[in-house]
Amino acid sequence: VSRCTSFDLTVSGWQKMENPGTQSAGTLYCPHPLRLSIVAEEVATFYAKMLDHEYTSKEIFQKNFFTDWREEMTAEERDLICEFSKCDFGEMHRYFVEQSEKKKDMSKEEKEVLKEETKKLTEEYGYCLLDGHKEKIGNFRVEPPGLFRGRGEHPKMGKLKKRILPEDIIINCSNDSKTPEPPKGHKWKEVRHDDTVTWLASWVENVQGSIKYIMLNPSSKLKGEKDWQKYEIARKLKLKVETIRKEYERDWKSKEMKKRQKGVAVYFIDKLALRAGNEKEEGETADTVGCCSLRVEHITLHKELDGQECVVEFDFLGKDSIRYYNKVPVDKRVFKNLKLFMENKNPEDDLFDRINTTYLNKTLNNSMTGLTAKVFRTYNASTTLQEQLSKLTSRMWHKLLSYNRANRAVAILCNHQRTAPKTFEKSMQNLQQKIELKQKQLDEAKAELKKAKSDYRESKTEKLKRLVEQKEKMVKRLQEQLKKLQLQMTDREENKVIALGTSKLNYLDPRISVAWCKKFDVPIEKIYNKTQRDKFAWAIDMTNEDFEF
DNA sequence: ATCACGACTTGATTCCACCACC
DNA sequence: GGTGGTGGAATCAAGTCGTGAT
């Protein structure tokens with residue numbers, strides 16, 4: 001813990017203390033400033049830094065923060081500071097705003113020095129040796145203390161995430177390697193030599209009690225091999241999927257309710273690429289669901305909707321509290337079953353009350369070794385990309401736009417969303433302006449062409465003929481440019497709340513993209529940036545244009 | 001069957017450096 | 001030369017799924 005500066009936390013509403021007691025907690029006046037102990041001050045700064053963030057205004061966030069903050073206070077501070085609403089973090093906040101201004105105003109040279117320092121750190125700590133190969137580490141820094149920000153309505157938002165000390169950290173390295181030295185005056189919690197796992201270091205995080213790991217970068221051989229395996233299993237599913245579909249269709253008629261539920265659940269997972277939906281501890285996390293944890297309240301059945309029969313309307317919060325909303329026409333038998341599953345249940349009851357992910361995965365594994373619910377997502381995503389690419393790629397279209405569209409189809413399937421960029425509206429307006437300008441130019445060019453043509457009809461000179469040709473060319477070029485801009489506009493509009501990155505990185509067999517690039521003579525750099533090329537090096541190496549997922 | 005835990009993948013958001021544009 | 005827009009990297013939360021104890 002280091003004190004960068006000393007703040008005065010302004011606390012109002014108390015009378016002057018005659019003798020506050022300790023040296024660290026200074027004199028408190030009403031409503032004058034209070035000097036905090038180092039530990040309490042640091043925690044206070046965590047909050048102060050976030051002041052203009054929306055979640056600091058949330059009651060749960062404030063409550064959790066205040067409770068944890070008070071635990072870090074000295075007894076005296078705890079006596080003085082008992083009401084959150086009377087604390088003013090303004091001065092601290094201003095300090096950090098100033099700091100970031102200062103950082104921005106640093107000279108080029110100063111920035112260069114900093115850059116050099118981080119580079120040195122990366123070189124020293126950012127790599128490890130695995131089976132004699134130097135490999136990049138993904139996250140080689142321990143997570144710093146701060147306030148926990150969960151996603152969605154997280155019951156633990158605002159809680160203090162404590163500082164991790166060497167005494168909390170387990171090091172995992174091989175027997176014969178040189179054990180990394182702990183910082184001076186400290187010891188590691190443990191040094192072990194477990195070659196059945198891939199992590200290099202771990203610690204237990206205090207908010208959720210979960211284990212955090214230091215692991216290798218996706219570019220490493222270890223991760224690459226795993227990635228390749230994943231896609232191979234998904235390809236195996238492609239060969240087997242018709243049989244599996246017949247299996248679960250049979251389940252829809254089973255006299256065992258459990259089997260029926262399983263059959264419908266797998267149908268959803270297959271058709272809609274839903275996640276498995278493990279059960280979660282209530283009150284510990286945000287209330288989100290996946291397939292197996294769907295509740296009655298998350299679906300609405302429509303015998304008929306918008307001219308379609310047997311429509312299921314899904315509306316629930318999935319991973320990261322991202323809303324899944326979809327209206328899907330389903331098989332009649334599925335529809336009937338759903339009705340049955342919902343009978344005599346309350347909205348908050350489980351839709352599939354007889355099954356869970358463990359059971360579901362067990363039966364999937366019986367159908368095909370290695371098959372689990374998530375394989376369907378990978379399979380579905382990669383197949384969709386391949387289909388869309390062959391459907392959309394044409395000479396007429398800009399190839400990258402085709403790729404984007406195919407990628408987008410997958411992102412929509414997987415419900416990968418993002419919050420629209422802050423600058424979205426503005427950049428759309430700019431584009432719109434460009435389009436209008438281009439349109440005007442085109443109109444003018446067209447008029448000129450018309451005139452040139454009529455001139456040419458008047459007197460058929462060679463010169464005028466060339467003028468007509470020239471104007472025709474001009475119109476054509478402008479038309480193309482306009483079309484390109486409009487396409488770009490559509491592309492951007494369609495991408496407003498869709499995130500392409502996740503599917504590209506985790507669901508799309510890179511060999512599909514590599515093969516497509518080779519087939520259509522698109523440089524791989526147009527599709528994958530440097531990091532991505534490193535991660536997918538295995539695929540770039542082994543794939544030719546004939547690859548089929 | 002149920003549970004807790006451990007390891008690993010997947011995911012949105014935030015941060016930051018760079019580059020086109022004025 | 002400043003600046004704002006953007007893509008890529010970093011961050012760290014939140015899933016999936018397997019294991020082993022009860």
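Computed from heavy atoms alone, side chains included, the values below leave out hydrogens, waters and symmetry copies. Reminder, nothing fancy here: chain letters follow the sequence lines and each chain counts from 1.
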Spacing of [X] atom [atom1] relative to [N] atom [atom2], expressed in whole Å:
{"X": "A:Leu114", "N": "B:dA17", "atom1": "CG", "atom2": "C1'", "result": "13 Å"}
{"X": "A:Tyr528", "N": "C:dG7", "atom1": "OH", "atom2": "P", "result": "18 Å"}
{"X": "A:Asn415", "N": "B:dT10", "atom1": "CG", "atom2": "C1'", "result": "14 Å"}
{"X": "A:Ile498", "N": "B:dT13", "atom1": "CD1", "atom2": "P", "result": "13 Å"}
{"X": "A:Glu525", "N": "C:dG7", "atom1": "CD", "atom2": "C1'", "result": "16 Å"}
{"X": "A:Leu505", "N": "C:dG8", "atom1": "CG", "atom2": "P", "result": "11 Å"}
{"X": "A:Tyr125", "N": "C:dA10", "atom1": "OH", "atom2": "P", "result": "18 Å"}
{"X": "A:Leu216", "N": "B:dA7", "atom1": "CG", "atom2": "C1'", "result": "13 Å"}

Quick check on [N]: is either OP1 or OP2 less than 4.0 Å from any side-chain nitrogen or oxygen of [X]?
{"X": "A:His416", "N": "B:dT10", "result": "no"}
{"X": "A:Tyr359", "N": "B:dA1", "result": "no"}
{"X": "A:Arg377", "N": "B:dG11", "result": "yes"}

The residue, A:Tyr55 or A:Met215, whose nearest nucleotide of DNA chain B is more 5′ is A:Met215
Between A:Lys258 and A:Arg418, which has a closest nucleotide on DNA chain B that is more 5'? A:Lys258
Base, sugar-phosphate or nothing for A:Lys362? Non-hydrogen atoms, less than 4.0 Å.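 Result for A:Lys362 = nothing.
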When all nucleic acid strands are considered with a 4.0 Å heavy-atom cut-off, which category describes A:Tyr213: base, sugar-phosphate, or nothing? base
What is the ring orientation for [X] with [Y], classed by angle as parallel under 30°, tilted 30 to 60°, or perpendicular over 60°?
{"X": "A:Phe352", "Y": "A:Phe341", "value": "perpendicular"}
{"X": "A:Phe89", "Y": "A:Trp69", "value": "tilted"}
{"X": "A:Trp516", "Y": "A:Tyr403", "value": "tilted"}

Here's a test for you: under side-chain hydrogen bond (donor to acceptor under 3.5 Å, both in side chains), which of A:Arg235, A:Lys236, A:Gln229, A:Lys230 qualifies with A:Glu232?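 For A:Glu232, the side-chain hydrogen bond (donor to acceptor under 3.5 Å, both in side chains) check succeeds only for A:Arg235.
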On the ring face of A:Phe549, is A:Lys238 found with NZ or CZ under 6.0 Å from the centre and within 45° of the axis?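 Verdict for A:Phe549: no cation-pi partner in A:Lys238.
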Could you pick out which residue, A:Phe140 or A:Arg492, lies toward the 5' side of DNA chain C when each is mapped onto its nearest nucleotide?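 Its nearest nucleotide being more 5', the pick is A:Arg492.
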In A:Leu500, A:Thr378, A:Asn407, A:Thr502, the residue satisfying side-chain contact (heavy atoms from CB on, under 4.5 Å) with A:Leu508 is A:Asn407
Contact check, residues 188-202 of chain A vs DNA chain B, heavy-atom distance under 4.0 Å, returns A:Val197, A:Thr198, A:Trp199
Side chains of A:Lys280 and A:Thr288 only: does a donor on one sit below 3.5 Å from an acceptor on the other? yes
Side chains of A:Ser367 and A:Glu247 only: does a donor on one sit below 3.5 Å from an acceptor on the other?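 Yes, A:Glu247 and A:Ser367 have a side-chain donor paired with an acceptor closer than 3.5 Å.
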When you check every protein heavy atom under 4.0 Å of nucleotides 12-22 of chain C, what one-letter string (B, S, -) results, 5' to 3'? BSBSBBS----
Answer yes or no: does atom CH2 of A:Trp538 have more than 12 heavy-atom neighbours from other residues, nucleotides or ligands under 6.0 Å?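 Yes, the 6.0 Å shell around CH2 holds more than 12 heavy atoms from other groups.
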Please indicate whether A:Glu101 has more than 12 foreign heavy atoms, meaning atoms of other residues, nucleotides or ligands, lying under 6.0 Å from its CD.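 It does: A:Glu101 CD has more than 12 such atoms within range.
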